[in-house]
Amino acid sequence: MNEFELIQYFFTRSACAQGGENISLGIGDDCALLQIPAGQSCAVSTDTLVSGIHFPDNAPAFLLGQRALAVAVSDLAAMGATPIGFTLAITLPQIDVDWLQAFSAGLSAMALSCGITLVGGDTTRGPLTIGVTVMGAVSARQAMLRSGAQVGDLLCVSGPLGAAAAAVPLVLGQVDEHSMADDTAEQLLAAYWSPQPQLKLGQYLLGQASAALDISDGLLADCGHIAKASHVCLQIQQTQVPLASAALKLLGAEAALHCALSGGDDYHLAFTIAAHAVEPLQQHFPEVQVIGQVVSGAGVQVVNDQGQAIAFERLGYQHFE
Ligand code: ADP
Ligand code: MG
């Protein structure tokens with residue numbers, strides 16, 4: 001099978017490359033052509049996953065396809081953008097038909113659930129590397145930047161945190177998933193391999209949230225980005241941080257909190273919003289939880305119920321070396 005046949009079989013004909021709104025031309029020519037609805041801007045973001053660094057060498061191909069797309073689409077969600085299309089730059093060590101079949105199926109499953117279409121890419125030979133560029137549409141006036149947080153706003157997250165970080169020993173095969181009795185392992189692995197980009201919430205927050213981002217590096221690090229860009233301090237109430245039940249079950253409260261604050265890979269949204277907007281929001285999105293507030297100052301502060309600052313050591317980044 002040559003490069004052109006490979007592209008045909010596993011990408012051009014895959015479910016994720018069919019149809020799609022706002023796509024004038026998909027795979028096959030020198031460029032794809034996308035329509036951006038009048039008055040909107042094109043939101044673009046790229047993520048690259050390198051084997052042995054961002055995922056283990058023996059990662060299941062289906063799950064890898066899902067995850068590679070999910071982490072990229074999550075950036076569209078964080079801006080409030082509506083997905084249109086994505087490109088895939090894939091570097092493969094060899095042509096492994098079973099692997100490609102499974103990868104393409106995982107990619108298609110996530111693409112379908114996000115409403116995004118594969119419109120092009122590049123295929124090369126070398127150490128396994130997956131680069132995904134996503135494109136969507138959003139009003140430049142309403143897009144949620146990191147720089148808009150206002151003193152007095154509340155700080156929210158879109159759901160329970162910590163499961164993806166708690167899953168890392170399972171992902172690495174350091175812990176046997178079959179040694180866990182109930183569905184704890186399943187829940188943790190699902191959080192790691194198929195995070196669900198918060199697209200509906202992101203679009204709902206347009207014109208409401210003053211700042212937003214997706215939590216990829218851990219709550220503390222990512223809130224630090226909002227604090228820095230907005231020239232404010234984000235104060236997090238430790239007891240309000242929602243912890244994923246599977247992480248709690250596996251690790252207990254203290255370690256689960258550590259995963260939530262410093263572990264990363266959750267791909268929930270963190271955002272700041274005026275206090276009066278929170279209740280109506282929670283009626284539509286009951287998983288949204290207020291975890292703190294925006295105060296004057298700089299950086300991120302974790303406080304206890306008495307408002308006293310708590311020191312937290314940052315966990316190192318997770319690498320699969
Ligand atoms: P060019 O030489 O013009 O860059 P290529 O031969 O690399 O074109 O690719 C031919 C077509 O196939 C292009 O439309 C390109 O976008 C698409 N393509 C190549 N690799 C992939 C891939 N991994 N996934 C989706 N489309 C791809
Ligand atoms: Mg090319």
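Residue indices begin at 1 and follow the sequence shown.
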With hydrophobic residues grouped by side-chain heavy-atom distances under 4.5 Å, do Y267 and L170 end up in a single group?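 No: no chain of side-chain contacts under 4.5 Å links Y267 to L170.
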Contact check, side chains of [X] and [Y], non-hydrogen atoms, under 4.5 Å:
| X | Y | value |
| --- | --- | --- |
| I273 | L205 | yes |
| I226 | F271 | no |
| D265 | P195 | no |
| L243 | L161 | no |
| F86 | T133 | no |
| Q101 | Y9 | no |
| V132 | D47 | no |
| V241 | V157 | no |

Among residues at least two apart in sequence or on other chains, which ones pass side chain to side chain donor-acceptor pair (under 3.5 Å) with H284? Y204
With sequence neighbours left out, write down each residue that passes salt bridge (charged side-chain N to carboxylate O under 4.0 Å, His left out) with K200, or none if nothing qualifies. none
Which pair of non-hydrogen atoms, one from [X] and one from [Y], has the smallest distance, and what is that distance?
| X | Y | value |
| --- | --- | --- |
| C233 | S296 | CB-O, 3.9 Å |
| Q240 | V290 | CB-O, 3.6 Å |
| A164 | G264 | CB-O, 4.0 Å |

Anything under 3.5 Å between a donor and an acceptor, one on a side chain of residues 135-154, the other on a protein residue two or more places apart or in another chain? List them.
unit_1: S139; atom_1: OG; unit_2: R141; atom_2: N; d: 3.2
unit_1: S139; atom_1: OG; unit_2: Q142; atom_2: N; d: 3.1
unit_1: Q150; atom_1: NE2; unit_2: G148; atom_2: O; d: 3.2
unit_1: D153; atom_1: OD2; unit_2: Q150; atom_2: N; d: 3.0
unit_1: D153; atom_1: OD2; unit_2: S210; atom_2: OG; d: 2.5

So, [X] versus [Y]: side-chain donor-acceptor pair below 3.5 Å or not?
| X | Y | answer |
| --- | --- | --- |
| T91 | T129 | no |
| T123 | E3 | no |
| D182 | T184 | yes |

Which of these, L261, L213, L234, sits in a side chain to side chain contact (heavy atoms under 4.5 Å, CB included) with C223?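 Of L261, L213, L234, side chain to side chain contact (heavy atoms under 4.5 Å, CB included) with C223 is met by L234 alone.
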Indicate yes or no for a side-chain donor-acceptor contact from D266 to the backbone of H268 under 3.5 Å, with no hydrogens or angles considered.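 No.
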Taking it one step at a time, do V134 and I84 satisfy side-chain contact (heavy atoms from CB on, under 4.5 Å)? CA-CA 8 Å; V134 291; I84 299 177; over 6 Å; no
